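Worksheet: the structure to be examined is printed underneath.
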Amino acid sequence: MGPTGSGKSNFVNKLTGSKDEPGADKLESCTQDLREFRVDLNGKHYMFVDTPGFDDTYRSDREILRTIADWLAKKYRGNVKLTGVIYTHRISDNRMSGSVCKNLDLFSQLCGDKAAQCVRLVTTMWDKQKPENAAIWQERVSGLEGNFWEPLIRLGACHEQFLNTSESAWDIVNGLVQPRPSLALLVQEEIVDAEKRLNETSAGRALYTQFQRVLLEQKEMLKRLTDALAQKDPRAVDKLREEYRKTEAEMQQVMRDMEGMKIPLARRIALFFGKRTHAVSVSIVF
């Protein structure tokens with residue numbers, strides 16, 4: 001898992017020998033659906049799963065969350081548990097963008113605290129590093145480990161560097177398949193064991209909170225655009241109107257997504273007295 005363009009598909013390709021998808025070297029979605037790959041090696045059977053990132057070019061965050069959660073719940077009901085979860089992040093990024101923070105937050109809510117020990121936080125793009133950038137990139141690693149990733153690392157997650165080779169990818173995977181009990185992710189326990197609907201899970205509630213934040217930002221943007229249009233600057237009117245229409249359409253989509261993620265009062269009361277999960281959510285502070 002990981003943000004769009006962070007190297008998820010490339011990592012899987014290095015494990016399976018598959019070729020890159022068209023667009024895989026660009027910051028747009030090349031994985032539009034969840035894909036499974038089976039590899040038989042040295043008498044072991046591996047199943048790798050490549051997931052689309054949130055902020056997908058073609059699908060809403062709500063659809064992506066539904067796709068991932070449905071697959072996880074199906075496997076859990078079939079008594080199939082994950083050996084590990086790999087989260088990819090471009091070390092070449094000079095800041096934690098809103099999209100990257102959202103992906104990390106939802107990833108943490110999907111996993112929960114118990115499964116953190118089976119998580120590998122994998123930085124990519126190390127093969128693009130130049131000697132003059134070495135100190136800066138190392139500072140980024142320190143910032144990730146000591147700040148953004150600290151809650152997960154404290155619970156047992158590990159940081160690994162992916163060097164864009166098959167050997168490097170397999171080293172990371174082999175570190176995960178050492179003898180240890182497979183653990184359920186929080187979202188699996190919530191949906192299957194606690195019988196929650198997707199919008200009632202920790203990840204679902206986190207996505208709803210993000211929708212609220214985005215909606216507020218869009219309302220502020222519309223207000224600024226309205227004020228700017230009122231000034232009637234002929235050089236900027238056409239551009240402002242286009243931006244207004246775009247923002248308004250995005251706001252309507254967010255409102256539809258929020259409506260689908262609401263939890264009715266009666267259901268909230270039932271959940272309060274309902275079944276509990278063994279795992280709890282992990283809070284990431286930005």
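Residue numbers run from 1 in the order of the sequence given. Since we're looking at a predicted model, the values are computed, not measured.
For the pair Ser168 (side chain) and Asn164 (backbone), a donor-acceptor distance under 3.5 Å is absent. In this structure, the side chain of Arg120 does not engage the main chain of His159 through any donor-acceptor pair within 3.5 Å. Under the 3.5 Å distance criterion, the side-chain polar atoms of Lys8 are matched with a main-chain donor or acceptor of Pro3. Not one N or O on the side chain of Arg90 forms a donor-acceptor pair closer than 3.5 Å with the backbone of Met125. No donor-acceptor pair under 3.5 Å is formed between the side chain of Asp105 and the backbone N or O of Cys101. Counting only distance, with no hydrogens or angles, the side chain of Glu190 and the backbone of Ser202 share a donor-acceptor pair below 3.5 Å.
Shortest non-hydrogen contact noted between Leu65 and Leu110 is CD1-CD2, 3.9 Å. Trp137 approaches Gln129 most closely through the heavy-atom pair CZ3-CB, 3.4 Å. In terms of heavy-atom proximity, Ser6 sits nearest to Thr124 at O-OG1, 2.8 Å. In this structure, Val192 and Ala73 approach most closely via the heavy-atom pair CG2-O, 3.9 Å. Between Pro52 and Arg59, the closest heavy-atom pair is CG-NH1, 4.3 Å. The two atoms that bring Asp113 and Val282 nearest to each other are N-CG2, 3.5 Å, heavy atoms only.
Salt bridge annotation for Arg154-Glu150: present, with a cationic side-chain nitrogen under 4.0 angstrom from a carboxylate oxygen. A salt bridge is defined here as a Lys NZ or Arg NE, NH1 or NH2 lying under 4.0 Å from an Asp or Glu carboxylate O, and Asp50 with Arg35 meets this definition.
Rounded to the nearest 0.5 angstrom, Thr83 OG1 and Phe48 CZ are separated by 9.5 Å. Leu198 contributes atom CG, which lies 10.5 Å from atom CD1 of Ile68 (distance to the nearest 0.5 angstrom). A distance of 13.0 Å separates CE of Met96 from NZ of Lys102, quoted to the nearest 0.5 Å. For the atom pair CG of Asn103 and OG1 of Thr88, the computed distance is 9.0 Å after rounding to the nearest 0.5 Å. For the atom pair CG of Leu152 and CD of Gln117, the computed distance is 12.5 Å after rounding to the nearest 0.5 Å. Rounding to the nearest 0.5 Å places CG of Asp33 at 10.5 Å from CD of Glu63.
Trp71 and Phe54 fall within the same hydrophobic cluster, defined by Ile, Leu, Val, Met, Phe, Trp and Tyr side-chain heavy atoms under 4.5 Å apart, directly or through other members. Residues Leu106 and Met1 are members of one and the same hydrophobic cluster, defined by side-chain heavy-atom contacts under 4.5 angstrom among Ile, Leu, Val, Met, Phe, Trp and Tyr. Both Val100 and Ile91 belong to a common hydrophobic cluster when Ile, Leu, Val, Met, Phe, Trp and Tyr are linked at side-chain heavy-atom distances under 4.5 angstrom. Linking ILVMFWY residues whenever their side-chain heavy atoms come closer than 4.5 Å, directly or via other members, leaves Phe37 and Leu72 in distinct clusters. Trp126 and Val122 sit in two unconnected hydrophobic clusters of ILVMFWY residues. Membership requires side-chain heavy atoms under 4.5 Å apart, directly or through other members.
Side-chain contact between Asp61 and Leu207 is present, with at least one heavy-atom pair separated by less than 4.5 Å. For the pair Tyr76/Leu185, no side-chain contact is recorded, criterion being any heavy-atom separation below 4.5 Å from C-beta on. The closest side-chain heavy-atom distance from Thr209 to Arg205 is not below 4.5 Å.
Counting non-hydrogen atoms of neighbouring residues, nucleotides and ligands closer than 6.0 angstrom, the CD atom of Glu167 reaches no more than 12 such neighbours.
Defined by atom type and a distance below 3.5 Å, a donor-acceptor pair is missing between the side-chain atoms of Arg140 and Thr123.
Exactly one of Phe162, Trp170, Tyr87 qualifies for a ring-ring contact (aromatic ring centres under 6.0 Å, His included) with Phe11. That residue is Phe162. When the options Asp40, Val177, Leu15 are evaluated for a side chain to side chain contact (heavy atoms under 4.5 Å, CB included) with Tyr46, the one that passes is Val177.
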Let me see the working for Val119 and Cys111 under side-chain contact (heavy atoms from CB on, under 4.5 Å), right down to the final yes or no. CA-CA 8 Å; Val119 168; Cys111 291; 4.1 Å; yes
